[in-house]
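Both ligands and their constituent atoms are indexed starting at 1 by order of listing. These numbers come from the heavy atoms of this one structure, side chains and all, not from hydrogens, waters or symmetry mates. Keep in mind it's a predicted model, so treat the numbers as computed, not measured.
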Amino acid sequence: MIHYCGDTYKYQVVPFDGIQGFQAPTFDDSAWSTGVAGFGNNLGCPLTAQTFWPGNDDLLLRRQFTLPLGATNLRVSVAIDNDIQLFLNGTDISRGLIDHGGCATRDSFVFTAPDSVLLPGATNLLAVRARDTGDVSYVDLEVLVDTP
Ligand SMILES: [Ca+2]
């Protein structure tokens, strides 16, 4: 569906809490840049970023993908330095910004979307607010789903 290291996102670096409402499926991201995950500044942790994210700010990501008919149990696994908030089709599935200390590691959090939020057989939107609070920055994601 969406894999670590190599998937493409629309992205925008903003001040803390910048662009409220960016997670709406109708939000226009046509002026945003396109970048390959992971995003980070490569200041010394093991995971290596493909796209430069200077850090000490918020990085907003948007990624459209198609879910197959009958899809259920969508999970988003993350690697994050420092905090992350996830939205699927505009719904907050992480329940706010979640903190992570130390170097980012894959699967350090796994968030599950309620099936009622999924749009099987249609275009879905994953939107991410990644926050770096200093030093090393990093974010990358993986999305998995059960299919019939
Ligand atoms: Ca950091």
> Given Y9, which of V36, V139, L141, L60 fulfils the side-chain contact (heavy atoms from CB on, under 4.5 Å) condition?
Replying inline: L141

>> Angle at the Ca ion (ligand 1), OD1 of D132 to O of G134, rounded to 10 degrees, please.
In response: 90°

> Would you say N82 reaches the Ca ion (ligand 1) with an N/O/S atom under 3.0 Å?
Replying inline: yes

> Got an N, O or S from D81 under 3.0 Å of the Ca ion (ligand 1)?
Replying inline: yes

> Which value, rounded to the nearest 0.5 Å, describes the distance between H3 atom NE2 and M1 atom CE?
Replying inline: 8.0 Å

> With ring centroids as reference points, do F39 and Y11 lie under 6.0 angstrom apart?
Replying inline: yes

>> Check this for me, if you would: do D146 and R75 make a salt bridge, where the nitrogen-to-carboxylate-oxygen distance has to be below 4.0 angstrom?
In response: yes

